[in-house]
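None of the values given here were measured: they were computed from a predicted structure. A, B, ... follow the sequence lines: proteins, then strands. Residue 1 opens every chain.
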Amino acid sequence: MTDTAHEKNCVVLRAENLHRWLGEDENRVHALKGVSLSLEAGKVHAVVGPSGCGKSTLLYLLGLLDRPDEGDIWLLGKHMTKASEARRTPVRNEHLGFVFQFHFLMPEFTAAENIMLPMRKLNRLTEIQMKERADQILQEVGLEDKGQRLAYHLSGGEQQRVAVGRALANDPGLILADEPTGNLDQQNSDSIFSLLCRLAGEKKQAVLIVTHNLDLARQCDHTFSLVDGNLT
Amino acid sequence: MKRNFQIAIRFLLAKKRAMLMTLAGIVFGVAFFIVTQAQTHGFEELFIRTVLGTNGALRVQDKFQNAITSLMAESGDQTEGFKVPLKEGRTYIAGIAHPRSLKDSVEKFGSVSGVSEVLAGRASVSSGFRTEKTEVLGIRLIDHLSVTDLASQIRYGNLSGYGEEPKGILIGSRLAGRLQADIGDTLFLEQSGAKRRYRLAGIFETGVGQFDLARVFIHLGEARLLFNKPFGSSYLQVSLFEPEKAPQVAQHLEETLQHDVDSWQEREKTWLEVFRVLRFSSGLTMASIIVIAGLGMFNTLAMIVMERQREIAILRSIGYTPGDIVSIFLQQGLIVLLVGTLLGWILALSMTYGVSSLPIHIRGVFSTDSFVVKWSLWHYIWASLISALVILLASYLPARKAARIDPGKVIRRMGG
Ligand SMILES: Nc1ncnc2c1ncn2[C@@H]1O[C@H](COP(=O)(O)OP(=O)(O)O)[C@@H](O)[C@H]1O
Ligand SMILES: [Mg+2]
């Protein structure tokens with residue numbers, strides 16, 4: 001990290017002094033109190049902290065699903081905090097991938113169709129190319145024989161793999177995962193985690209995993225601890 | 001478009017039962033709307049055809065003069081001539097003094113397709129069995145055939161027999177029944193003491209009760225003798241190439257000829273209004289079925305928006321725009337609208353066809369032995385426009401609500 005040019009190339013997302021208040025009036029909470037961080041390509045980052053410390057709040061800000069009350073976010077060198085929704089929405093489509101605790105799949109769509117949803121929106125591939133890419137992704141997440149299964153006929157672990165596949169669909173620079181294994185048994189949890197780690201290595205994507213599992217966090221390249229709205 | 005369509009169709013299919021109810025509402029609403037329009041419009045047109053086929057498009061009658069000259073007006077008809085000062089300072093003189101020259105002038109109008117001179121009066125008609133009051137119309141057969149459907153209204157006897165017989169008479173079917181008269185029978189017409197003898201040559205049926213009961217035709221020359229009117233006539237009956245333009249033609253003729261001219265629309269105002277109201281109110285009733293289907297559509301879509309919040313949120317999070325979400329919900333409406341309208345059309349076509357062969361016996365304002373329907377593309381277009389308006393409105397509100405879903409908030413609430 002001595003070469004600044006090199007650093008610029010590697011930093012996918014940079015956040016400076018993020019503040020976020022949530023709720024109204026007497027319920028108002030200062031959830032984030034000046035959080036700054038950088039996420040690097042090819043690295044897996046963990047955010048750990050007790051429940052209610054503001055991990056999800058941070059992830060929504062970084063994922064352009066919410067806006068900070070104060071502070072700045074640069075994604076791939078572009079300032080995003082003041083950008084219009086019309087600019088932020090296509091950025092989410094092309095450069096961000098989300099995995100949540102619950103998979104949020106379209107239940108009546110097959111595994112392959114769920115993975116194709118972001119591709120269809122991006123609209124850069126032909127139908128055949130999209131199918132090919134979906135098959136390839138299914139293979140990467142270990143579901144090569146389940147592509148034509150409807151999402152609600154898949155097991156919890158399989159559904160979460162499809163959600164990971166969907167996050168990979170447009171080959172984004174940054175994958176944000178909010179307790180992606182929180183709802184799974186040990187075995188599935190481990191395999192999803194190692195899947196995310198492998199992808200970061202292979203595809204040079206930046207991965208941010210929110211978790212309260214310290215064992216998992218130790219295996220990551222960087223670990224941020226969020227305590228009471230502050231990173232330590 | 002295609003990618004949103006795929007989502008729209010899956011959202012719809014997941015709500016099959018509610019959607020089928022809405023679809024059925026549209027199908028029946030559209031079909032009933034079209035069928036009732038086809039019937040009411042059909043009967044209205046039959047009425048108009050009957051009116052045009054019996055009393056013609058226009059009637060040129062009393063001469064008028066403007067107030068200043070009315071004091072000097074001379075009457076063409078000594079016995080019946082009288083002056084009535086009316087609105088706009090006009091004075092009317094009953095009847096037509098110089099029918100031949102007036103007829104020539106009317107015929108010169110390009111919109112006029114036929115003119116018949118009529119001398120009308122009241123008389124009693126008697127058979128050996130009974131005597132009845134009638135309205136006698138003295139006509140020239142050839143002329144009158146050019147302004148009426150008399151030829152097709154003959155039920156017994158024939159017009160050539162009447163044409164060859166100087167003392168021939170044509171009477172209405174119900175009058176014939178009352179008089180118990182058959183073709184070839186002798187009938188008498190009596191008017192202020194004069195009694196003349198005729199031979200029944202034809203019995204006609206217009207379907208209009210008052211005509212079939214009380215109208216008789218004789219040759220114009222015979223009528224002159226019967227009513228002792230060697231000159232003049234009561235009115236000219238005029239047919240037009242485009243009967244719907246009668247009011248404009250009437251006004252034009254009136255100004256040029258200085259004679260009172262009535263259009264059929266003016267004459268039949270009351271009945272036409274009855275048909276119009278009937279058509280409108282039946283259309284409104286049927287449209288309300290479509291509106292109820294629209295409420296169902298609104299309800300179902302609002303439910304889908306509620307149930308699909310997390311899917312909508314995830315779509316937004318992976319880059320679908322609010323416009324995409326609107327289009328997903330509008331397309332659901334569009335699918336139901338198109339399928340419903342198309343099926344409605346098909347049902348309407350077969351129902352209209354079925355109804356048109358249902359027997360029904362109507363005499364009075366017109367005559368028919370089966371349901372009358374009017375096949376008009378406009379009924380289909382109106383039904384489609386109404387359902388399009390209702391369904392698009394019913395889809396737009398839920399669509400807008402769906403588009404306003406904040407993905408971050410929903411994902412947080414759903415335990416993302
Ligand atoms: N809409 C809200 N109104 C008030 N407080 C909220 C709201 N949403 C979240 N919070 C609070 O903000 C804090 C951070 O929440 P969150 O980011 O979800 O925590 P974590 O993901 O670390 O468990 C919590 O104390 C939570 O109760
Ligand atoms: Mg959380």
**Study point:** side-chain hydrogen bond (donor to acceptor under 3.5 Å, both in side chains) assessment of D171(A) paired with Q205(A)
**Key:** CA-CA 8 Å; D171(A) 200 11; Q205(A) 287 165 323; 3.3 Å; yes
Practice item. Could you walk me through whether S327(B) and D324(B) pass side-chain hydrogen bond (donor to acceptor under 3.5 Å, both in side chains), step by step? Key: CA-CA 5 Å; S327(B) 114; D324(B) 288 319; 5.3 Å; no
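Contact annotation for R88(A): neither backbone nor side-chain heavy atoms come within less than 4.5 Å of a heavy atom of chain B. The parts of I318(B) that come within reach of chain A are both its backbone and its side chain, each placing non-hydrogen atoms under 4.5 angstrom from that chain. For a residue to count as touching a neighbouring chain, one of its non-hydrogen atoms must lie under 4.5 Å from one of that chain's; by this rule P107(A) touches chain B with backbone and side chain alike. Both the backbone and the side chain of R316(B) come within contact range of chain A, each with at least one heavy atom under 4.5 Å from a heavy atom of that chain. Looking at L13(B), there are no atoms closer than 4.5 Å to chain A (heavy atoms on both sides), in backbone or side chain. At a 4.5 Å heavy-atom cutoff, the contact between L105(A) and chain B is made by backbone atoms alone. Proximity to chain B (any heavy atom under 4.5 Å) is restricted, for L22(A), to the side chain, taken from C-beta onward.
For H79(A), the side-chain contact (heavy atoms from CB on, under 4.5 Å) criterion is met by D72(A), W74(A), T81(A), K82(A), not counting sequence neighbours.
Ring-plane geometry between F224(A) and H45(A) is classed as parallel, the angle between the planes falling under 30 degrees on a 0 to 90 degree scale with a further cut at 60.
F98(A) contributes atom CZ, which lies 6.5 Å from atom CG of L64(A) (distance to the nearest 0.5 angstrom).
Here the shortest heavy-atom pairing between G296(B) and T22(B) reads C-OG1, 3.6 Å. Nearest heavy atoms, Y380(B) versus W375(B): OH-CZ3, 4.0 Å.
Listed by sequence position, T89(A), R92(A), N93(A) are the residues of residues 89-97 of chain A in contact with chain B, using a 4.5 angstrom heavy-atom cutoff.
Annotation: maximal heavy-atom pairing with chain A below 4.5 Å, among S317(B), A14(B), G323(B), occurs at S317(B). Counting heavy-atom pairs closer than 4.5 Å to chain B, the top-ranked of the candidates M116(A), R166(A), E85(A) is R166(A).
Around CZ of F28(B), the count of heavy atoms belonging to other residues, nucleotides or ligands within 6.0 Å does not exceed 12.
By the 4.0 Å N-to-carboxylate-O rule, R10(B) lies close enough to E113(A) to be salt-bridged with it. Between K15(B) and E108(A) there is no salt bridge, since no side-chain nitrogen of the basic residue lies less than 4.0 Å from a carboxylate oxygen of the acidic one.
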